[in-house]
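Each ligand, and each atom within it, is numbered from 1 in the order the structure gives. Because the structure is predicted, anything quoted here is derived from the model rather than measured.
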Amino acid sequence: MFNVVFVLGPPGSGKGTICSKIQENLGYVHLSAGDLLRAERERAGSQFGALIESHIKNGSIVPVEITCSLLENAMNLHKTANGFLVDGFPRNADNLSGWSKQMSGKVHEQFVLFLSCPVDICINRCLNRGEGRTDDNVDSLKKRVETYNNQTFPIIEHFGKLNMVREVDSERPVEEVYEDVVKVFEAANQM
Ligand SMILES: Nc1ncnc2c1ncn2[C@@H]1O[C@H](COP(=O)(O)OP(=O)(O)O)[C@@H](O)[C@H]1O
Ligand SMILES: Nc1ccn([C@H]2C[C@H](O)[C@@H](COP(=O)(O)OP(=O)(O)O)O2)c(=O)n1
Ligand SMILES: [Mg+2]
């Protein structure tokens, strides 16, 4: 049974930044759904490249069958990990139901780490991210924020009703955010 922590929050809230620090220090393996999709988009011979790119540019969500299989394959490469940080997933109802169908019985969902940050700050962070992403532009960001508000936030609320959400204010400097995130992990694992 793999331990899983879902990491959610608006684009630019700091999911990737915080996950790499947890991976470094706490023995969890960081799996970014967005990174896995971008790698699949670049993979020679992939039948999904064009489909993935169109969703990324439009800020819409790739069908779960693709994303969930990428996540499961990646998990199977790290069978001895303490757990997995599933970053940027589940982002909508299709993601959630597909995950449940494919992964129930194989994973233990520990909690949802929710990095909360005002959207205007998040957008500025993305515009200054400097990774050359095709979706870090004003047009795509508008759509990504809309998708976040309409589709992803309801998923966070769903987990909230199950008492699974641990919210950390990620508007603050990375070190402060990380300090609180570590406390959440310590409480969950009684470290
Ligand atoms: N707490 C923070 N304060 C200021 N800048 C941050 C913070 N966290 C992340 N960043 C920066 O904001 C950008 C987006 O962060 P990233 O971790 O890629 O967010 P996400 O994965 O949620 O989109 C990056 O350039 C990152 O260096
Ligand atoms: N579960 C997911 C995660 C990402 N995607 C696609 C659509 C998203 O806008 C892009 C980028 O996601 P990513 O998590 O890398 O973006 P942020 O880190 O939040 O800025 O990838 C998806 O279709 N399904
Ligand atoms: Mg990210």
Side-chain angles (χ1 to χ4, degrees), residues 4-24 30-42 48-72 74 84-100 102-103 112-156 167-182:
V4 164
V5 172
F6 293 129
V7 183
L8 294 174
S13 54
K15 301 181 293 296
T17 303
I18 290 297
C19 285
S20 41
K21 291 176 76 74
I22 306 168
Q23 168 164 272
E24 217 171 284
H30 175 205
L31 300 179
S32 158
D35 286 350
L36 289 167
L37 287 166
R38 284 183 286 273
E40 177 65 18
R41 179 187 64 185
E42 305 310 326
F48 302 124
L51 177 81
I52 291 171
E53 177 54 16
S54 84
H55 282 288
I56 285 181
K57 259 208 146 141
N58 284 314
S60 50
I61 307 299
V62 173
V64 66
E65 290 75 15
I66 298 174
T67 316
C68 196
S69 297
L70 293 171
L71 287 167
E72 187 174 10
F84 293 91
L85 305 164
V86 175
D87 160 6
F89 183 98
R91 258 180 154 102
N92 66 2
D94 173 63
N95 273 189
L96 180 59
S97 67
W99 168 273
S100 305
Q102 186 170 334
M103 301 306 287
V112 176
L113 177 63
F114 171 30
L115 297 180
S116 60
C117 185
V119 155
D120 51 332
I121 290 174
C122 288
I123 289 177
N124 274 322
R125 286 184 185 171
C126 289
L127 291 174
N128 294 312
R129 178 152 42 190
E131 288 177 5
R133 280 172 50 166
T134 58
D135 59 345
D136 280 346
N137 59 73
V138 172
D139 274 0
S140 293
L141 277 162
K142 250 190 205 155
K143 296 176 188 165
R144 288 160 65 194
V145 165
E146 217 175 275
T147 300
Y148 171 76
N149 286 330
N150 297 334
Q151 301 185 38
T152 310
F153 193 69
I155 300 298
I156 297 170
E167 179 172 351
V168 173
D169 169 8
S170 67
E171 186 180 353
R172 299 166 297 152
V174 175
E175 286 310 322
E176 283 178 38
V177 179
Y178 182 64
E179 215 171 280
D180 283 356
V181 167
V182 168

message: So if I only count non-hydrogen atoms and take anything under 4.0 Å from ligand 1, which residues does that give, chain by chain?
response: Pro10, Pro11, Gly12, Ser13, Gly14, Lys15, Gly16, Thr17, Arg125, Arg129, Ser170, Arg172, Pro173, Val174
Does ligand 2 have a heavy atom under 4.0 Å from the side chain of [X], from its backbone, from both, or from neither?
X      : result
Asp135 : side chain
His55  : neither
Asn95  : side chain
Glu53  : neither
Ser60  : backbone

query: Applying side chain to side chain donor-acceptor pair (under 3.5 Å), which residue pairs with at least one partner in residues 11-21 are found, sequence neighbours left out?
result: Lys21-Glu175
query: Who's closest to atom 24 (N) of ligand 2 heavy-atom-wise, of Val145, Leu8, Val86, Ile61?
result: Ile61
task: For atom 13 (P) of ligand 2, state which one of Arg91, Arg144, Glu131, Lys15 supplies the nearest heavy atom.
output: Arg91
Ligand-side contact atoms (ligand 2) for residue partner [X], heavy atom cut-off under 4.0 Å:
X     : result
Leu37 : 4 (C), 5 (N), 6 (C), 22 (C), 23 (O), 24 (N)
Ala33 : 1 (N), 3 (C)
Gly88 : 1 (N), 2 (C), 3 (C)
Gly34 : 12 (O), 13 (P), 15 (O)
Val62 : 22 (C), 23 (O)
Pro11 : 19 (O), 20 (O)

message: Using the rule given for side-chain contact (heavy atoms from CB on, under 4.5 Å), can you reason through Ser140 versus Arg133, listing the C-alpha separation, both sets of side-chain angles and the distance that settles it, and then say yes or no?
response: CA-CA 10 Å; Ser140 293; Arg133 280 172 50 166; over 6 Å; no
